[in-house]
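Per chain, numbering begins at 1; letters A, B, ... match sequence-line order. Below, all heavy atoms of this structure are taken into account, side chains as well, without hydrogens, waters or symmetry copies.
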2 protein chains.
Amino acid sequence: MTSRVESAAATRRALIEAAAELLDEGGPDAVTLRAVGARAGVSRGAPYGHFPDKEHLLAAVATKSWEAIGEQLDTLVADEHRPPAERLEQALRGLMAVGRGHPHAYGLMFTAPTGEHPDAVAAVSRTHDRFLQLVTDVVGDAERARPIGALLMTSVHGIIAMENNGHLTVEKWNTTGDGLIRALIDRIA
Amino acid sequence: MTSRVESAAATRRALIEAAAELLDEGGPDAVTLRAVGARAGVSRGAPYGHFPDKEHLLAAVATKSWEAIGEQLDTLVADEHRPPAERLEQALRGLMAVGRGHPHAYGLMFTAPTGEHPDAVAAVSRTHDRFLQLVTDVVGDAERARPIGALLMTSVHGIIAMENNGHLTVEKWNTTGDGLIRALIDRIA
DNA sequence: GTGGTTCGTATGACAACGTCAGATGAACTG
DNA sequence: CAGTTCATCTGACGTTGTCATACGAACCAC
């Protein structure tokens, strides 16, 4: 662990993890380069040895979140015992669980300007591909699955976003995020 | 116009409008209290005579956006010549137009922590009520319209959000935001 | 009118932030 | 062992949100 490249890689990982933790605990405002450095055990300017600026660090955090969801979907794709429809529903509910458990991280995933960050774009693309595979397993045809998957993905994202921002109250809409997922599956997939 | 209360109210309006313009033109980072003051013709500390802090100013901007959409829906509700389904579709496409034309303002509408800002909450509630009226005109029963309206609202929001963040590409999903709106109406309403 | 009060605005100051330039020291290379 | 590399530290700068203070014109009683 005392090798220079190993130590640098460990520091880089620690910075990303520290930023993710601070984001989870205190929201975007808590993610200060000084606080990130402190939690990672380095000082305030250390991130600039690994990232051009703060935005790239946050993009790395978002990439990690996308990859985590991708792996989650991967295990669902591989689980061939269960019926495809059940796996797809599990995927949608898994997305909601992430959005609820880590609302700030979830927001970051859809906030980072993706165009400037190829790694993030690739991670998003891979995750979306796995999601489309799950949809394909349900509807049969891969080409037909694409717009259907888009409708499912955008709708679930909208449900999570409005739930996290307090715009989805039971008093107003007489339903919950879970209920909307159910309705979505019944009407679309 | 030289009355003190009139002048103060004009300044307040100018501050909100200046913030909205800066948000439209340069995104959230361009909305600096100094820049807002300069554009409104006052100085950097003037906003504190009208808002407790920057967040409340932004909440006022979001409130204005919600009210603008509310009025837009209002004219649709009142337009009884056209069939209800057509008016509902027009409402959904109007939401998309706002999201496309003013992406930063649209993001702010769903970003402001609504709990702390009663005016914003009220504006959102009124706008949602008008949307639910349009849904009721289509499905007939007001109670049945509520969860259906929720599914429509969250889905459209998800479509707009993913489109604005570049996560809704034709290459990946083989559809567009407009196509998804069409599919949404066909399958839900 | 006139004097005193109110209150919207201007100004100076402060801490915190992102960012960069230079210094430091330990891991590498020959 | 001498020289280089490079991750990290430290000091500094401009900008930001925010507050305390000061000013001055609109207000109000008489």
Side-chain angles (χ1 to χ4, degrees), chain A residues 1-62 104 108 111-113 116-117, chain B residues 1-62 104 107-108 111-113 116-117 120:
Chain A
M1 237 275 280
T2 46
S3 153
R4 192 153 64 181
V5 300
E6 287 174 3
S7 163
T11 300
R12 186 191 153 95
R13 272 193 302 273
L15 287 168
I16 295 175
E17 190 168 355
E21 290 174 7
L22 288 166
L23 183 65
D24 260 8
E25 297 168 9
D29 291 350
V31 185
T32 296
L33 284 186
R34 287 162 166 82
V36 170
R39 179 168 297 219
V42 292
S43 84
R44 61 186 192 275
Y48 287 91
H50 302 272
F51 306 96
D53 54 17
K54 184 184 182 181
E55 190 184 292
H56 281 75
L57 168 59
L58 293 178
V61 174
H104 298 298
L108 178 65
T111 285
E116 307 283 335
H117 307 279
Chain B
M1 234 275 280
T2 45
S3 154
R4 191 155 64 184
V5 299
E6 287 174 4
S7 163
T11 301
R12 185 191 155 95
R13 273 193 302 271
L15 287 168
I16 296 175
E17 189 168 356
E21 291 174 7
L22 288 167
L23 183 65
D24 260 10
E25 297 168 10
D29 291 350
V31 185
T32 296
L33 284 186
R34 285 161 169 83
V36 171
R39 180 168 296 220
V42 292
S43 85
R44 59 187 194 274
Y48 287 91
H50 300 272
F51 307 95
D53 54 17
K54 184 184 181 181
E55 191 184 291
H56 281 75
L57 168 59
L58 293 178
V61 174
H104 299 298
L108 177 65
T111 285
E116 307 284 332
H117 306 279

- [ ] From the options D:dT8, C:dG8, C:dT19, select the nucleotide whose nearest atom is closest to the side chain of A:Asp53.
- [x] C:dT19
Task: Rounded distance in Å - CG (A:Leu33) to C1' (D:dT16) - done: 15 Å
- [ ] Starting from C1' on D:dC19, measure out to CZ on B:Phe51 and report it in whole angstrom.
- [x] 18 Å
Anything under 3.5 Å between a protein N or O and an N or O of nucleotides 21-26 of chain D, put it in a table, one pair a line.
unit_1, atom_1, unit_2, atom_2, d
D:dA26, O3', B:Arg4, N, 3.3
D:dA26, N3, B:Arg4, NH1, 3.2

Task: B:Leu57 and B:Leu33, any side-chain heavy atoms less than 4.5 Å apart - done: yes
TODO: For B:Glu55 and D:dG17, give me the distance from atom CD to atom P, rounded to whole Å.
DONE: 13 Å
Open item on the list: For A:Phe51 versus A:Arg12, what's the shortest heavy-atom pair and its separation?
Closed with: CE2-NH1, 3.5 Å
- [ ] Could you go through the side-chain contact (heavy atoms from CB on, under 4.5 Å) check for A:Glu55 and A:Leu58 one step at a time?
- [x] CA-CA 5 Å; A:Glu55 190 184 292; A:Leu58 293 178; 5.7 Å; no
Open item on the list: What contact category does B:Val36 fall into here, base, sugar-phosphate, or nothing, at under 4.0 angstrom with non-hydrogen atoms?
Closed with: nothing
TODO: Return yes if the base of C:dG12 and the side-chain atoms of B:Arg44 contain a donor-acceptor N/O pair under 3.5 Å, otherwise no.
DONE: yes
Task: Pairwise 5' ranking along DNA chain D for A:Arg34 and A:Gly49, keeping only the more 5' one - done: A:Gly49
TODO: For A:Glu116 and A:His56, work out which heavy atoms get closest and say how close.
DONE: O-NE2, 4.4 Å
Open item on the list: In this structure, how many angstroms lie between the P atom of D:dT16 and the CG atom of B:Leu22, rounded?
Closed with: 12 Å
TODO: Please state how far atom NE2 in B:His56 lies from atom P in D:dG17, giving the value in whole angstrom units.
DONE: 16 Å
Open item on the list: Does C:dA27 have OP1 or OP2 under 4.0 Å away from a side-chain N or O of A:Ser7?
Closed with: no
Open item on the list: Does B:Thr32 reach a base, just sugar-phosphate, or nothing at all? Heavy atoms under 4.0 Å.
Closed with: sugar-phosphate
Task: A:Gly45 or A:Asp29, whichever maps to the more 5' nucleotide of DNA chain C - done: A:Asp29
- [ ] Locate the shortest heavy-atom distance separating A:Ala60 from A:Ile16; write the atom from each residue and the value.
- [x] CB-CD1, 3.7 Å
Task: Where A:His50 and A:Leu15 come nearest, the two heavy atoms and their spacing - done: CD2-CD1, 3.8 Å
- [ ] Tell me which nucleotide among D:dC19, C:dG18, C:dT9 gets nearest to the side chain of B:Tyr48.
- [x] D:dC19
Task: Closest heavy-atom pair and its distance - B:Ala120, B:Ala59 - done: CB-O, 4.4 Å
Task: A:Leu15 CG to D:dA7 P, straight-line distance once rounded to whole Å - done: 13 Å
